[in-house]
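As the structure is a prediction and not an experimental result, all values here were calculated from the model.
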Amino acid sequence: MTTVTPGTPGSPERGRDRGAGRAQDRPALRRLVAGDLDDFAAATWGREARLSRAADLAKHADGDAPAAFGDLFDLAAVDELLSRRGLRTPFLRIAKQGTVVDSRHFTGEGGVGAEVADQVRDDRVAALFAEGNTVVLQGLHRTWGPVADLVTDLAAELGHPVQTNAYITPASSQGFSAHYDVHDVFVLQIAGTKRWHVHAPVHPDPLRSQPWNDRADAVAARATEDPLIDEVLEPGDALYLPRGYLHSATAQGEVSAHLTIGVHVLTRWAVVDALVNALTSDPELRASLPLGIDAADPAALAPHVEAVAARLAERLAAPDDGRPDRVARTLRRRVWHGNRPESVAPLAQAAAATAADTETVVRRRRGLHHRLRATAPDAPVALELPDRTITLPAGTREAVARLLNGRPATAGELPGLAPDDGVVVVRRLLKEGVLLPD
């Protein structure tokens with residue numbers, strides 16, 4: 001295991017409140033990070049690059065759990081997706097040395113019964129790959145089941161939205177030149193080997209509005225310096241890179257494939273944005289600027305900038321018991337809509353809802369974001385979901401809380417409800433996709 005910190009990692013307090021104390025209960029993260037997970041959460045997350053070798057990850061594997069990543073994805077899965085799954089753009093991207101190939105060169109009409117013009121042409125992909133182009137399978141968490149399961153669990157453990165791409169590179173080729181991402185990444189080497197060069201950030205903690213190409217000259221200059229990490233990743237190895245770290249990878253003497261798990265982290269700037277948006281009720285902050293103002297003139301804007309800054313400071317300094325709730329509503333929209341929860345088999349789910357009885361065992365759908373809203377004891381129960389709020393009868397709160405706690409539950413044995421009433425609640429939540437048969 002290798003951990004590397006740049007010369008200017010930020011304030012010493014950074015990262016210390018990011019989940020230490022709960023990390024060891026995170027089995028999805030456990031597959032990606034060797035060593036102590038509490039230490040990773042407190043000292044590495046968002047601050048340092050960390051390389052975990054397959055042998056070190058294997059030491060933490062539980063029971064029959066695979067230490068490497070062949071159960072998640074392999075080269076046969078690549079061929080399956082490209083040739084038989086009817087992929088369309090933007091689920092596929094092709095690039096070489098940082099230049100992205102126009103999708104018209106590898107897509108075409110789907111044929112009779114599939115009248116779409118942008119389905120992937122496997123023969124064209126094969127030709128481009130033979131010419132040294134890298135194949136990028138984007139949004140793999142939406143197209144490949146084992147990857148989707150990992151992403152669902154990882155997003156729940158990290159508390160930040162997660163997505164996954166796969167990069168398949170011909171022997172001795174490079175898909176992208178040195179760059180940085182505006183999200184954290186975990187790199188999982190799947191097949192073959194890749195040599196990775198990692199450099200310290202030129203712009204630490206970039207926001208999504210601050211992509212690397214805005215600092216292309218600084219990135220190019222930093223890439224000529226000695227790297228923090230110069231290592232060959234082999235199957236089963238994992239590399240964590242916080243946003244902003246420069247990186248590039250070159251396949252060695254054979255076809256190489258890796259997964260990049262992107263973590264779209266919530267930031268303190270997101271809290272700032274949510275706080276400001278919570279002040280839209282203030283008429284002084286909504287007031288128009290004067291007619292005829294020259295917005296390009298700093299002198300003309302100066303008094304308005306000062307007035308707005310003073311009003312913001314005044315409003316933010318004033319006690320406001322409702323402010324955390326408003327900020328939480330804003331931020332949760334980003335998280336709750338960032339990942340889809342565990343898949344539901346529609347026909348089987350409908351049958352389970354119809355057939356549920358007192359012996360039916362159910363569990364909460366993994367990765368489903370929810371909030372049980374506090375209400376009076378004799379008021380209906382409100383269950384908030386990403387796209388709607390479900391109202392359940394008064395007196396069911398304790399039973400609903402039991403169904404949502406993550407452990408399997410039996411419909412006829414829910415606290416505070418008669419067996420038949422428990423069945424009614426379970427059937428409703430099965431129909432709503434909140435619960436799944438266990």
Side-chain angles (χ1 to χ4, degrees), residues 8 10-11 13-14 46 89-90 93 98-100 102-103 138 159-161 163 177-184 200-222 242-246 262-339 369 371 384 386-389:
T8 55
S11 73
E13 295 302 315
R14 221 176 116 217
T89 55
R93 188 165 48 131
T99 300
V100 177
D102 191 302
S103 63
Q138 302 193 134
H160 301 265
Q163 54 88 215
S177 56
H179 64 283
Y180 66 75
D181 293 320
V182 293
H183 51 266
D184 291 18
V202 298
H203 182 62
D205 293 332
L207 301 174
R208 296 193 65 77
S209 59
Q210 299 171 326
W212 76 271
N213 46 298
D214 287 352
R215 295 169 173 79
D217 291 343
V219 167
R222 178 60 54 83
R243 56 197 165 106
Y245 273 69
L246 276 62
V263 185
H264 295 249
V265 292
L266 290 176
T267 66
R268 288 186 172 181
W269 181 254
V271 176
V272 172
D273 187 51
L275 278 170
V276 172
N277 284 325
L279 299 179
T280 55
S281 60
D282 189 331
E284 289 192 34
L285 293 174
R286 299 200 313 269
S288 301
L289 296 179
L291 186 150
I293 190 170
D294 182 0
D297 181 3
L301 280 179
H304 304 289
V305 171
E306 293 174 3
V308 169
R311 183 59 176 170
L312 280 173
E314 178 185 350
R315 286 297 308 272
L316 292 175
D320 187 345
D321 292 340
R323 186 181 296 149
D325 186 61
R326 292 194 295 273
V327 170
R329 285 200 300 271
T330 298
L331 294 183
R332 85 179 187 191
R333 280 195 291 270
R334 302 188 185 193
V335 176
W336 283 20
H337 293 278
N339 284 99
H369 294 289
R371 180 172 178 260
E384 297 178 350
D387 59 343
R388 64 197 187 281
T389 297

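Of all non-hydrogen atoms in Pro386 and His369, the two that sit nearest each other are CD-O, 3.2 Å. Here the closest heavy-atom approach between residue Gly338 and residue Pro161 is recorded as CA-CB, 3.9 Å. Contact between His183 and Gly262 at its shortest, heavy atoms only, is CD2-CA, 3.6 Å. When every heavy atom of Val202 is checked against every heavy atom of Val219, the shortest pair comes out as CG2-CG2, 4.0 Å.
There is a side-chain donor-acceptor pair under 3.5 Å between His264 and Arg208.
Side-chain contact between Val335 and Arg332: absent, with no pair of heavy atoms (C-beta onward) separated by less than 4.5 Å. Side-chain contact between Arg326 and Asp320 is present, with heavy atoms from C-beta onward closer than 4.5 Å.
Put simply, CZ on Arg222 and OH on Tyr180 are 11.5 Å apart, with the number rounded to the nearest 0.5 Å. Rounded to the nearest 0.5 angstrom, Arg243 CZ and Gln210 CD are separated by 9.0 Å. Once rounded to the nearest 0.5 Å, the distance linking CD of Glu384 with CZ of Arg329 reads 8.5 Å. To the nearest 0.5 angstrom, Asp205 atom CG is 9.5 Å from Tyr245 atom OH.
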For residues 269-277, which side-chain donor-acceptor pairs fall under 3.5 Å, sequence neighbours excluded?
{"residue": "Asp273", "atom": "OD2", "partner": "Arg334", "partner atom": "NH2", "Å": "3.0"}
{"residue": "Asn277", "atom": "ND2", "partner": "Asp273", "partner atom": "O", "Å": "3.1"}

Could you go through residues 284-296 and list every donor-acceptor pair under 3.5 Å that involves a side-chain atom there, pairing it with any protein atom two or more places apart or in another chain?
{"residue": "Arg286", "atom": "NH1", "partner": "Thr280", "partner atom": "O", "Å": "2.9"}
{"residue": "Arg286", "atom": "NH1", "partner": "Ser281", "partner atom": "O", "Å": "3.1"}
{"residue": "Asp294", "atom": "OD1", "partner": "Ala296", "partner atom": "N", "Å": "3.1"}

Practice item. Determine, stepwise, if the pair Asp325 / Val327 fulfils side-chain contact (heavy atoms from CB on, under 4.5 Å). Key: CA-CA 5 Å; Asp325 186 61; Val327 170; over 6 Å; no
Exercise for review: Show your working on side-chain contact (heavy atoms from CB on, under 4.5 Å) between Asn339 and Gln163 and close with a plain yes or no.
Suggested key: CA-CA 8 Å; Asn339 284 99; Gln163 54 88 215; 5.7 Å; no
Practice item. Please report the C-alpha distance between Arg315 and Leu279 in whole Å, then the side-chain angles of each, then the deciding distance to 0.1 Å, and finally whether the side-chain contact (heavy atoms from CB on, under 4.5 Å) criterion is met. Key: CA-CA 8 Å; Arg315 286 297 308 272; Leu279 299 179; 3.7 Å; yes
Check your understanding: Under the side-chain contact (heavy atoms from CB on, under 4.5 Å) criterion, do Leu207 and Thr267 qualify, and how do the steps go?
Key -> CA-CA 8 Å; Leu207 301 174; Thr267 66; 4.1 Å; yes
